[in-house]
Amino acid sequence: MFEALREALIEEMKLDPTVCVMGEDVGHYGGSYKVTKGLAEMFGDLRVLDTPIAENSFTGMGIGAAMKGLRPVVEGMNMGFLLLAYNQISNNCGMLHYTSGGQFKIPIVIRGPGGVGRQLGAEHSQRLESYFQSIPGLQMVACSTPYNAKGLMKAAIRSENPVVLFEHVLLYNMKEKIPDEEYICCLEEAEMVRPGEHVTILTYSRMRYHVMQAAKTLVNKGYDPEVIDIRSLKPFDLHTIGNSIKKTHRVLIVEECMRTGGIGASLRSAIIDNFWDYLDAPIMCLSSQDVPTPYAATLEDATVVQPAQIVAAVEQICQ
Amino acid sequence: MAAAILRRVTHTTAAAAAAATPRVSPLPLLARGISDSTDTITVETSVPFMNHIVDPPSRSVTTTPHELLTFFRDMSVMRRSEIAADSLYKSKLIRGFCHLYDGQEAVAVGMEAAITRRDAIITAYRDHCLYLARGGDLVSAFAELMGRRDGCSRGKGGSMHFYKRDANFFGGHGIVGAQVPLGCGIAFAQRYRKEGTVTFDLYGDGAANQGQLFEALNMAALWKLPVILVCENNHYGMGTAEWKASKSPAYYKRGDYVPGLKVDGMDVLAVKQACKFAKDHALENGPIILEMDTYRYHGHSMSDPGSTYRTRDEIAGIRQERDPIERVKKLILAHDFATAQELKDMEKEIRKQVDDAIAKAKESPMPDASELFTNVYVNDCGLESFGVDRKVLRTVLP
């Protein structure tokens, strides 16, 4: 996946000279997850800017540059570090278009790896989707495959709105064959992963793989789950989701966010508001536990949703 | 009226009499006009510049009668507007937070005189006069303060969010300190595009203690960004005096490896000289800090009387000794560029102009209800939704 993201960056930077990258170790080091490897040699030090460790101000700088007409791609080495830039992302990035009465647009992309990794510890395993989702003016997308990573990165760079692109630490080495021709994914669309009839499973990012693993077990047990990778975390693609619910009448949400105030919580209430009449069973939501991610491997596995839990949840819903 | 004074000035100089014909149309209110009088005078700044790792510019500033009169006019408009805003606030037409700039006008006017509209300015929330200096008109300023449709941010920003994109005025920010990295980002874009322009990044003595300022300064110095950090030191961060908040109140020295100048911010010619110097420096060598020693007569905002943490004698003393408009007035009268009566008439005309603008702004209606949802995103991508469940939209974005 890191190569797909890199390809997208290279293609967009070649197309548009105002696209630039800034972040820690993105230039000569090549990026801590190799997403920007080789870019500094190709485009120069100014377009692939190695910043000091100052998230608050280099995110602010990216926003200021966007106000003046550039299209920066700001990398948080780990999404969790972007909490230091929360003021800039919320007040200046999200709100400036509104408070200036439409004068300034902020076509910035803020990206970085988040999610629970392999025993990285509590502070390096954060999921910021839940913190950013209520900021007005931001768009949020989460990629999960090399195909949609490249497509979403390109779409995010071309978008006039500020977009936060959530990548996942454990998915960078995922491999997949992707088209040679140019393509873009729609930022607001969800992806149908596996059509089915019995239950709609809504998921995103790494949990998609846990869901697909559970789906294998479920199929053997005779169930037919419909799996949708929602991809667009803000706004939700209620069109695709709604059509699915109208077909299956049962919903399971599987996410890596914390249970409290997470994406699942908002999605659940959005579904209830819009599709209540189509539901035959209460919506179930499987999320990570509301705890700091522990270091010990067994405890860390218990923090996130595992395929066995997904299977059990589907069986419960489909009773 | 003002045009008449300027015509009279050009007539009294022999060279000008033979030169261009006097302009018939009156000057736009805040024009930094090109003087058609070749009569320059040299004035010394009130105090020499204090410097940190850079040689200061000369204390002698050249100016022209035209320029001085423009300074007088521009600063008087700003003073009058801020006082009018005070009354509007007290009559509850302006609500929320309203931070007034009276006393600090010389910084805005002097800065504008040293640069072009292609250079950028960004500041925090004490932004009304900066907006006017950048060419913003009085009606849209007052309409924005009153939250009306014809305001510069369509009524949706308020006092702390004035912007003027076509004049490279980037606002207007509520959280102090956050505008400093933004300004460095604007300078980054200017360098990226090799524009040959600079950014003036304004903040106060209170915000000077924000960490992100030092972060941004480090990066600006690393990459030689054409940014000038201007500390408008009015000596009080809301209610906290500078010596109570800052271990080192020598803000011009705090750049450490970045050069700095301390300027008398109540002397518009000193400000102009320093800003010109800083612009040339920034284009060659990267960031420089300007500390403007200035003062605000009003409290921090309209909800602060401004007298609990400083004495009325102090305020009156500054008004007596250092008022920027009085200084320019004395200079004009001393050199006989206008009579006292003419200046008084100018002030009366300005007062009327401001009152007319307020009346016009009052006529502007409140924004339409649909405006609640416009400009949240740049375009709607053809979809009909905002919030997470796509139900909140009432109108499609332009």
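First the proteins, then the strands, lettered A, B, ... as listed; each starts at 1.
Heavy atoms closer than 4.5 Å to chain A are found nowhere in Leu217(B), neither backbone nor side chain. For Leu225(B), the part sitting under 4.5 Å from any heavy atom of chain A is the side chain, from C-beta outward, and nothing else. The contact between Glu160(A) and chain B is made by backbone and side chain atoms together, counting heavy-atom distances below 4.5 Å. For Leu84(A), no part sits under 4.5 Å from any heavy atom of chain B, backbone or side chain. Heavy-atom distances place no part of Pro72(A) under 4.5 Å from chain B, backbone and side chain included. Of the two parts of Ile186(B), the backbone and the side chain both hold a non-hydrogen atom closer than 4.5 Å to a non-hydrogen atom of chain A. Heavy atoms closer than 4.5 Å to chain B are found in the side chain of Asn92(A), but not in its backbone. Neither the backbone nor the side chain of Thr59(A) comes within contact range of chain B; no heavy atom of the residue lies under 4.5 Å from a heavy atom of that chain. Using a 4.5 Å cut-off between heavy atoms, Leu49(A) touches chain B through its side chain atoms alone. With a threshold of 4.5 angstrom between heavy atoms, Thr51(A) approaches chain B through its backbone and through its side chain. Glu195(B) touches chain A through its side chain: at least one heavy atom from C-beta onward sits under 4.5 Å away, while N, CA, C and O do not. At a 4.5 Å heavy-atom cutoff, Met95(A) makes no contact with chain B through either its backbone or its side chain. Heavy-atom distances place the side chain of Leu222(B), and not its backbone, under 4.5 Å from chain A.
Here the side chains of Thr199(B) and Lys68(A) are not in contact, with every heavy-atom distance at 4.5 Å or above. Taking the side chain as every heavy atom from C-beta outward, Phe58(A) and Glu215(B) never approach each other to under 4.5 Å. Taking 4.5 Å as the limit, some side-chain heavy atom of Leu372(B) sits within range of a side-chain heavy atom of Tyr98(A).
The neighbour count for Phe214(B) CZ, taken as heavy atoms of other residues, nucleotides or ligands under 6.0 Å away, is above 12. Annotation for Phe97(B): atom CZ does not count as buried by contact number, only 12 or fewer foreign heavy atoms lying within 6.0 Å. Crowding of Ile53(A) atom CD1: a count of heavy atoms from other residues, nucleotides or ligands under 6.0 Å not exceeding 12.
Under the rule for a ring-ring contact (aromatic ring centres under 6.0 Å, His included), Tyr29(A) has no partner lying at least two apart in sequence or in another chain.
Ranked by heavy-atom pairs under 4.5 Å with chain A, the list Ala178(B), Ala216(B), Ala187(B) is led by Ala178(B). Counting heavy-atom pairs under 4.5 Å between each of Met22(A), Glu55(A), Lys105(A), Met67(A) and chain B puts Met67(A) at the top. Comparing Arg47(A), His97(A), Met140(A) by how many heavy-atom pairs each has under 4.5 Å with chain B, the most go to His97(A). Contact count versus chain B (heavy atoms, under 4.5 Å) is highest, among Leu96(A), Ile241(A), Leu187(A), Ile106(A), for Leu96(A). With respect to chain B, the highest number of heavy-atom pairs below 4.5 Å among Cys20(A), Ala65(A), Gly62(A), Pro107(A) belongs to Ala65(A).
Counting only distance, with no hydrogens or angles, the side chain of Gln103(A) and the backbone of Cys152(B) share a donor-acceptor pair below 3.5 Å. One N or O on the side chain of Asn161(A) and one on the backbone of Val378(B) form a donor-acceptor pair closer than 3.5 Å.
The nearest pair of heavy atoms linking Leu138(A) to Tyr377(B) is O-OH, 2.8 Å.
Contact residues of residues 157-171 of chain B toward chain A are Gly157(B), His161(B), Tyr163(B), Lys164(B), Arg165(B), Asn168(B), Phe169(B), Phe170(B) (heavy-atom distance under 4.5 Å).
Note that the NE2 atom of His173(B) and the OG1 atom of Thr99(A) stand 8.0 Å from one another [nearest 0.5 Å]. Rounding to the nearest 0.5 Å places CG of Asp45(A) at 10.5 Å from CH2 of Trp223(B).
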Verdict with reasoning, Ser57(A) to Gln212(B), per side chain to side chain donor-acceptor pair (under 3.5 Å): CA-CA 5 Å; Ser57(A) 43; Gln212(B) 52 190 320; over 6 Å; no

For a side chain to side chain contact (heavy atoms under 4.5 Å, CB included) check, start with the C-alpha distance between Ile175(B) and Gln88(A), then their side-chain angles and the critical distance, and finish with the verdict. CA-CA 9 Å; Ile175(B) 308 295; Gln88(A) 295 287 355; over 6 Å; no

